[in-house]
Amino acid sequence: MNSLLSVENLSVEFKSGGRTAYAVNDVSLRLEAGENLGIVGESGSGKSTLAHAVMRLLPDSAAVTGGRILFDGRDLTAMPERELRALCGQELSMIFQDPMQCLDPSFSVGSQLTETLRAHEKITRAEARTRAAKMLRAVGLEDAEKVMRQYPFALSGGMQQRVMIAMALLTGPRLLIADEPTTALDVTVQDQILHLLKELTRQTGLSVLFITHSFGVVAEVCDRVAVLYGGRVAEYGTVRQLFANAAHPYTQGLLAAVPSMESDREQPLSAIDGTPVSVFAQAEGCPFAARCPRAEERCRRERPALHEVEPDHFAACHAAKAPALAERTGEDHG
Amino acid sequence: MSGREKTVRTPVGRIAVRFFANRAAVVCLGIFLFILLACLIIPLFPIRDPEKMNMEALLQAPNGTYWMGTDIYGRDLLSRMLHGGRLTFNICFTAAGLSLFGLVLGVAAGFFGGRIDRVISRFNDAVASIPIFLLAVFIEMCLPAGQGNYKYAIAVALMPPLVRLSRNLVLEILDCEYIEAARALGVSPVRIAAGHVLRNISGPVIVQVFTNLSDAILTCTIMGYLGLGVRMPRVEWGTIVKEGFQCILRAPLQIVLPCLVIFVCVLSLNVVGNALRDAVAKEER
C-alpha cells in the first residue's frame with residue numbers, strides 16, 4: 001500500500017546572485033494515512049522549503065533538483081500544473097504561519113470560503129455558503145453567519161487561523177500541511193488551535209504534516225518527528241522514541257534547551273553553541289560537526305548516512321550507530 | 001475608526017464614509033461637479049451664441065448682461081467658457097479613459113512577468129520618452145486638424161505612469177501570502193488575477209486616474225494656449241486663455257477669469273484625489 005505522502009531523496013536549491021543555497025538535501029520522509037508527522041528544525045533548516053516544495057509553491061529562484069514527492073503514489077513534482085492545482089485544496093491543503101497575511105483583506109470571510117469550495121466543486125453559491133457555515137462551526141466559530149459577513153481585519157488572530165483551517169478543510173482533504181500554524185499566535189490561543197487540529201485529525205482521519213520549531217507542539221499533536229538540520233534529516237522516529245531516546249546530538253541539544261517546570265530557575269537555559277550551518281556551502285562531513293559536543297575527526301571528513309538505531313528510529317550520526325549504543329546515550333541523556 | 005465607520009461592512013462603504021467625512025474634499029467634489037454639469041448641460045439650452053460678435057460691446061467688464069464680460073470681438077465669455085468646457089472635458093475624459101489601456105498593460109506585465117513583462121516595460125519606457133507636444137503636432141498634421149485630436153497625444157502621455165503603477169502594485173500583491181494561500185487551496189490563476197489582484201490594486205489606481213484627469217485638463221489647456229488647440233467655430237478653454245492674452249492690459253479679467261476656472265477645476269480634482277488616497281490608505285493599513 002502506498003504511503004499517503006512519501007518524500008524520496010528530495011533536494012531543493014535556491015539560486016541567488018550567482019550563489020547557490022542548498023536548502024533541502026536528499027531528504028526522505030514518509031507519512032502514513034491517519035498519522036501526524038512533525039518536522040522540527042531551526043530557521044534555515046529547510047523545513048518550510050520542504051512544505052512549499054510539496055505544494056509546488058517555491059519561488060521562481062528555487063528549484064527541485066532531485067528526488068520525488070509521492071502523494072498516494074502520484075508524483076507531485078512531475079504532475080502538470082493544472083492537475084496539481086486541482087489536487088491542492090481538494091486532497092491536500094495548507095495553512096500558514098500568519099493568518100492575517102493569508103486572508104485577502106478586501107473580501108469577506110464568507111466569499112473567500114465559498115470561492116475555495118467553488119474552485120473545486122460545481123455547486124451553487126447558496127450550497128457553498130451552507131457548507132462553509134457548517135465548517136466554520138466545526139472549527140469552533142459558533143456564530144458562523146456573522147463571521148462569514150465580516151472582513152478579516154475584524155477577526156482576532158485565533159479566529160483568523162480558525163477561518164484558515166476551515167478554508168483548508170472545506171473540501172475534505174486527506175493531508176493538511178501546517179506551516180508553523182501557531183507561531184504568530186498568543187500562547188493560550190496556540191493551545192486552542194493545537195487542540196482543535198488534534199480533535200479534527202481524530203474525528204476525520206486527516207493527516208497533518210506539521211512544520212514547527214517547537215518540540216512542545218510536536219509532543220502535543222504528532223505521532224512521528226523528523227528533525228531537520230542544514231537541510232538534511234538528522235533524526236527521524238516516533239515522538240516517544242525521540243523524547244525518550246534521542247540518538248542525534250542535535251536532537252539532544254534541542255530537547256535540553258526546552259525549559260521544563262522542574263528545572264532549576266537559577267540555572268541559565270541551556271543552548272547549543274555556535275551558529276547554524278551556512279546553506280551556501282555543501283560541507284563534506286556532518287553538517288552539525290562544527291557545533292557538536294561529540295564531534296570526532298571522522299565527523300568532519302565523512303557525512304553520516306541516516307541509519308536505523310532501533311526499529312523505526314533513524315539517526316544520521318556516526319556516534320549513534322548500534323542499537324546498543326543508542327540505548328547507552330539514551331541513559332546518559334534521559 | 002469612527003463609530004459610523006464600524007457599522008459599514010464593505011471596504012468600499014468604509015472608504016466612502018471616510019471620504020465624505022473630509023469636508024474640504026466634499027466641497028471640492030461639489031465645485032468640480034458643478035462646473036462639469038454646467039458645461040455639459042447649459043449649452044444644450046438656447047443661450048447666447050459663443051461665436052456671435054457684438055461690436056457695440058467690446059471688452060466689457062462683467063455686468064448684468066454679460067456675467068463674465070466680453071472679449072475683443074464682443075463675444076460673451078460665459079457662453080464661450082460653457083461651450084469650451086464641453087470640448088475640454090470631452091478631450092480630458094477621452095484621454096484619461098484611453099490611458100486606462102495602460103492599466104491592462106501594467107496588470108499583464110506584473111501578472112505574467114518574464115518576457116511579457118520585459119516587452120511591455122521596454123515598450124512603456126519608449127512611450128514615456130516621446131515628447132508629448134511633438135506628438136501632438138504630429139497628430140494634428142495627420143488627422144483632421146483643429147478638432148481636438150491631440151487628445152490622443154495626451155492619452156499617450158498619461159499612460160506610462162499608470163503602466164508602472166499597476167505593474168508595481170500587481171507585483172506587490174502577488175507577493176502577499178494570501179495569493180500563495182489561494183494558490184495552495186487550488187484557486188485558478190484567472191480567478192486570482194480577476195478577483196484578488198484587481199480588487200486589491202483598485203484603490204491606488206482610482207487615485208491615479210483622478211490625478212490623470214487633472215493632468216489632462218492642464219495639458220489640454222496648455223496645448224490650446226500654445227496654438228495646438230481647436231479652430232473656429234469650435235472653442236476650448238486653452239484657446240480662450242490665448243485670446244484673453246491679447247487684451248491682458250486693457251481687460252485683464254478676460255484672461256484672469258478663464259484661468260481661475262481652470263485653476264479651481266484642477267485644484268478641486270487634486271483635493272478629491274488626495275482625499276480618496278487618504279481614505280483608501282486607511283483601509284489598507
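Note that the coordinates shown come from a computational prediction; the quantities given were computed from them, not determined experimentally. All chains are named by letter (A, B, ...) in the order of the sequence lines, taking the proteins before the strands, and each is independently numbered beginning at 1.
- Neither the backbone nor the side chain of A:Arg118 comes within contact range of chain B; no heavy atom of the residue lies under 4.5 Å from a heavy atom of that chain.
- Environment of CD in B:Glu172: sparse, with no more than 12 heavy atoms of neighbouring residues, nucleotides or ligands closer than 6.0 Å.
- Interatomic distance, A:Phe153 CZ to B:Arg14 CZ, rounded to the nearest 0.5 Å: 3.5 Å.
- The two atoms that bring B:Glu177 and A:Phe96 nearest to each other are OE1-CB, 4.1 Å, heavy atoms only.
- Between atom CD1 of residue B:Ile173 and atom CG of residue A:Asp104 there is a gap of 7.5 Å, rounded to the nearest 0.5 Å.
- If you take CE on A:Met55 and CZ on B:Arg183, they are separated by 10.0 Å, rounding to the nearest 0.5 Å.
- With respect to chain B, the highest number of heavy-atom pairs below 4.5 Å among A:Ala154, A:Gly89, A:Ser106 belongs to A:Ser106.
- When heavy atoms are compared at a cutoff of 4.5 Å, A:Ala168 approaches chain B by way of both its backbone and its side chain.
- For A:Arg74, the CZ atom is densely surrounded, since the number of other residues' heavy atoms within 6.0 Å is greater than 12.
- Residues of residues 170-179 of chain A placed with any heavy atom under 4.5 Å of a heavy atom in chain B are absent; none qualify.
- Annotation for B:Val187 and A:Glu115: closest pair CG1-OE2, 3.9 Å, computed over non-hydrogen atoms.
- Between A:Ala119 and B:Gly186, the shortest heavy-atom contact is CB-O, 3.9 Å.
- The line from CZ of A:Arg85 to CG of B:Leu185 is 10.0 Å long, rounded to the nearest 0.5 Å.
- Closest approach of A:Cys88 to B:Ala184, counting heavy atoms only: CB-O, 3.2 Å.
- With a 4.5 angstrom heavy-atom cutoff, A:Met100 does not touch chain B via any of its atoms.
- For the atom pair B:Asp175 CG and A:Gln101 CD, the distance stands at 11.5 Å (nearest 0.5 Å).
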